[in-house]
Each structure stands twice: as C-alpha cells, then as structure tokens.
Amino acid sequence: MFESVGWLEILVLLLAGLFILGPERLPSAAAWIGKSIRKVREFATGARDQLRNEMGPEFDELRKPLENLRELRSFDPKRMVTQHLFNDEPANGNKPNGYTPPPPAAAPPSSQTPPPLNPGEKPPFDPDAT
C-alpha cells in the first residue's frame, strides 16, 4: 500500500508530528494511530471470515481473479520477452499469469440435442424461464 514511501519520507513525517504535536503528545497520538489501525485490521479480518463462512467454497473462487491480478502486478517485461523469444513455456501447462485453460468439454450426445430449426421457424418459448 505504501510501497513508494521511503525512510526519508517517514522521517519527515515523524519530525513534522514532533513539531506539530510536541514531545508530550506525540507518544499518545502514535498509540491512538496504532490502536485505530489494529481495529481496522480486526474489522477487515472479521468481515473476510464472515464472508468465507457464509459463502463456503465460492469465496475461494471469487478470490482467484484477484490473485491473478496480483500476479500481473509483478509483471516483468524482460522475463516475458525472454520466455517468448526462447519458447520457455512452463512445464505444467499454466501461463505466467496463472491461467490454466479448461479441459476440452466432451461433445453432448446427439440424442439430447434438439433438431435444428427450419428456416422461418420460431424457437420454442418458455414463459416460466424468463
């Protein structure tokens, strides 16, 4: 979240806090910020656990696209170009972003497929399905 904030920026913020709040109020302000962050983390963890309990296995399926997006954040163009130039495909069949193509579906038996419609014939309509 704060990956672009370096030690110099943190030092400047601490010095600004020291001048604004003073040395006697700075420790209590830091403790208040720590407690607030801890509460927010507990709320987020509780909400995530509640969603996981209510949704069951579907929760993990919802998280997979987000994990794929996280993997795209670590996209390394040099590695990708090298991989494509030298045809270094992963051995397990997965693409670099974690996508695994689904297995080919078996063709449905011809007895279950309805016959094709004649030209000008309207398709069947089910009012209960809409």
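Just so we're clear, the structure is a prediction, and the values are computed from it rather than from any experiment.
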Running the 4.5 Å side-chain criterion over Ile, Leu, Val, Met, Phe, Trp and Tyr, what cluster does Phe43 land in, apart from itself?
none
Report, one line per pair, each donor and acceptor closer than 3.5 Å where one atom sits in a side chain of residues 13-40; sequence neighbours left out.
residue	atom	partner	partner atom	Å
Arg25	NE	Leu21	O	3.1
Arg25	NH2	Leu21	O	3.4
Ser28	OG	Arg25	O	2.9
Ser36	OG	Trp32	O	2.9

Selection residues 41-59 - residue pairs positive for side-chain hydrogen bond (donor to acceptor under 3.5 Å, both in side chains), sequence neighbours left out
Gln50-Glu54
